[in-house]
Amino acid sequence: MSSVSMIQGRCAGRVAVATAAGLLMAFAGAGTAMAQCDGLWPATFGNPGATRTNGTSANIATSLLWDRDGEGPLPAQLVVGGTFNTIDGQAINNIALWDGSTWQAVGGGTNSQVLGLLPIAGPNGTTDLIAIGSFSLAGGTSVTGVARWNGTAWTRVGSALPSGMGSAQVFAIAQQQSGQLVISGRWGSSVPNVAVLNETTNSWQGIGATLNQSPNALAVTADGSLYAGGPAFTISGTNVGGVVRWTGSGWERPGSGVNGTVFALRALSDGRLAVGGTFTNFFAGIGTPGRIALWRRTGPATGWSELNTGVNGDVRSILELSDGTLIVGGAFDRAGSPQRFASRLARFNGTSWSGTGFGLENSPAPAAAIVSTLTQLPNGDVFVGGLFDSAGGSVAQSLSVWTPPSIPTFTTQPDNTSVPPCVPRSASFTYQLAEPTFGITWQIRNADTNFNWIDLVEGDNTFFGTFVLNATGTFSNTLTLDRGGANWEFTTQVRVLATNDCGTTSSRIAVLSVSGDCSCSPADIANTDGEPTPDFSIDNGDFSLFFTSFFLDETDPERFRADIADTDGLTNVNGGGPDGVVDNGDFAAFFDSFFVGCPLP
């Protein structure tokens with residue numbers, strides 16, 4: 001393939017050169033145009049795209065990167081599933097693989113729609129692929145909506161699911177932290193509509209009672225929680241909204257819940273759950289989430305949070321990019337406040353929304369255009385699938401690819417650190433960006449009580465109205481904090497925001513914890529005045545308190561201030577420690593430690 005060029009505007013990102021050998025880089029096409037910071041759309045990828053031989057519109061419902069040989073040399077490949085019979089003019093049924101230059105069939109495909117894909121560990125470090133949907137045949141193998149592809153053949157997963165009013169339909173699949181598979185969908189009532197695979201018996205077994213509605217989506221968050229999203233659920237006859245959490249013994253509403261149908265769940269890297277659907281308010285709370293919201297069950301700032309009024313139509317897909325940006329797809333055309341044009345695809349940078357140029361359209365039925373699936377590719381681009389016939393103003397039948405604009409990228413992130421609780425100490429945080437940028441903002445918050453980030457300024461900062469922090473380097477890549485001679489008392493979180501013309505990127509959150517022994521040495525038992533408060537120094541105050549305590553009467557409890565070692569003179573530094581007896585072991589240990597001094601950490 002000859003090299004191709006892209007027309008790019010300010011902050012458009014890299015200029016791509018596409019070759020057949022370059023994995024997934026052939027997505028780039030000639031004639032691409034864009035508005036400032038909207039990203040890039042290729043002019044040719046997706047034309048002719050995916051079609052159906054019966055004349056109805058194709059739909060790409062699911063996608064992922066499949067790394068067949070795991071840690072081996074082969075590159076990851078894009079796999080898509082949905083409802084289609086051809087891609088780029090080739091006869092391919094409902095599931096296809098893109099090898100970087102051409103689309104390929106996956107073992108003959110399936111006889112009906114594919115709604116979900118999941119990678120799963122195979123033998124000898126390889127990775128297999130599980131497909132779910134409403135199909136009864138996968139490559140000629142009889143299945144009931146769940147099948148496994150090992151690179152050469154399809155096999156059924158688990159026992160046959162019972163039929164209901166028709167064939168079994170599997171809507172969603174996830175893998176729990178234990179490795180156990182869980183599916184949801186619509187099938188016969190003998191198995192509840194959320195089921196796990198019993199690998200011992202190779203059978204599907206329901207968990208909990210059957211939900212009154214079949215879940216559309218499943219997700220497992222970092223804390224191991226399993227969530228299901230769908231139409232309004234009821235628990236014990238009570239409406240709880242469109243998302244529920246499995247507790248291990250039953251289903252519960254997470255916090256206030258969301259009042260509407262949920263189509264998309266995405267577990268985020270920071271432990272939160274992104275929830276998207278039709279809802280415009282919380283089920284039992286105050287707020288207007290605008291069809292997308294974030295839920296945090298544990299850690300700081302638990303509960304639900306909104307994303308700047310969200311979008312004005314259904315959310316069907318959510319993707320977290322490697323830089324933490326959220327990409328949202330669905331059936332909307334506006335995002336954020338003030339509203340921005342965003343046809344079926346929008347980007348949220350943590351504070352504000354932006355569009356993607358012309359976005360996605362469907363000329364025969366504009367209202368029917370929808371983005372159903374999003375996957376980030378190895379080169380940073382985003383695969384977009386759904387029901388549409390144009391992307392970025394160019395023909396694209398149900399599939400395309402979008403290059404995000406170049407927002408700041410961190411090459412070095414701030415690290416966690418700790419300070420002792422009983423001595424004034426400073427703490428420093430450092431970051432590095434791939435390229436210089438004009439906007440840097442350091443932020444801080446109390447991890448225990450404060451839900452809101454506070455911008456730091458150079459010099460003294462009154463933090464939460466209770467104490468003063470001195471901040472040095474708020475416009476550079478190293479920030480140093482101290483409490484002006486006071487001790488730290490609680491856990492603090494720090495992050496840095498980097499901004500250019502195309503958006504803002506947040507670093508990871510660094511935690512400043514208060515931990516450690518208040519003593520820097522077994523001999524550090526007092527302050528300078530001989531009071532029993534270690535002060536990270538060895539001086540006459542320690543000497544005075546030790547000897548005063550050592551020669552007290554054995555019945556005096558203050559004598560045990562001199563108990564710093566065991567009978568053999570071993571302290572907590574070398575495997576011993578206080579033993580409830582004041583004797584020559586303590587005497588010897590004190591003198592040894594006293595003359596070594598106090599190595600500050």
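Worth saying up front: this structure is predicted, and the values here are computed from it rather than measured. Numbering starts at 1 and runs along the sequence shown.
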Side chains of Thr375 and Ser63: do they bring a donor and an acceptor to under 3.5 Å?
yes
Going by atom types alone, do Arg316 and Ser372 pair a side-chain donor with an acceptor below 3.5 Å?
no
Test of understanding: with side-chain hydrogen bond (donor to acceptor under 3.5 Å, both in side chains), list the residues that count as partners of Thr261, not counting sequence neighbours.
none
Residues which pass salt bridge (charged side-chain N to carboxylate O under 4.0 Å, His left out) with Arg52, listed by chain and number, not counting sequence neighbours:
none
Can you sort out the partners of Ile235 under side-chain contact (heavy atoms from CB on, under 4.5 Å), two or more places apart, ordered by chain and number?
Val240, Val244, Trp251
Pairing donors with acceptors under 3.5 angstrom, does anything connect the side chains of Gln443 and Asp455?
yes
Donor-acceptor list for residues 81-88 side chains, cut-off 3.5 Å, not counting sequence neighbours:
unit_1, atom_1, unit_2, atom_2, d
Thr83, OG1, Gln113, OE1, 3.4
Asn85, OD1, Thr53, N, 3.2
Asn85, OD1, Thr53, OG1, 3.3
Asn85, ND2, Asn93, OD1, 3.4
Thr86, OG1, Thr51, OG1, 2.2
Asp88, OD1, Gly49, N, 3.3

Identify which one of Thr409, Asn477, Thr412 satisfies the side chain to side chain donor-acceptor pair (under 3.5 Å) criterion when paired with Gln432.
Asn477
Identify the two heavy atoms, one from Phe341 and one from Glu361, that lie closest to each other, and give their separation to 0.1 Å.
CZ-OE2, 4.2 Å
Just say parallel, tilted or perpendicular for the rings of Phe45 and Phe383, cut-offs at 30° and 60°.
perpendicular
Using side-chain hydrogen bond (donor to acceptor under 3.5 Å, both in side chains) as the criterion, list what pairs up with Arg186, not counting sequence neighbours.
Gln169
Just to verify, what does Asp67 make a side-chain hydrogen bond (donor to acceptor under 3.5 Å, both in side chains) with, not counting sequence neighbours?
none
Please name all residues satisfying salt bridge (charged side-chain N to carboxylate O under 4.0 Å, His left out) with Glu252, sequence neighbours left out, ordered by chain then number.
Arg245
Please name all residues satisfying salt bridge (charged side-chain N to carboxylate O under 4.0 Å, His left out) with Arg334, sequence neighbours left out, ordered by chain then number.
none
With sequence neighbours excluded, what pairs up with Asp128 under the salt bridge (charged side-chain N to carboxylate O under 4.0 Å, His left out) test?
Arg68, Arg148
Ring pair (Phe, Tyr, Trp, His ring centres under 6.0 Å): pairs with one or both residues in residues 302-339, sequence neighbours excluded:
Phe282-Trp304, Trp295-Trp304
Going by the side-chain hydrogen bond (donor to acceptor under 3.5 Å, both in side chains) test, which pairs reach into residues 264-275, not counting sequence neighbours?
Ser269-Glu320, Asp270-Arg272
What I want to check is whether the side chains of Ser363 and Asp389 have a donor and an acceptor closer together than 3.5 Å.
yes
What residues form a side-chain hydrogen bond (donor to acceptor under 3.5 Å, both in side chains) with Thr62, not counting sequence neighbours?
none
Donor on one side chain, acceptor on other, Asp99 and Gln104, under 3.5 Å
yes
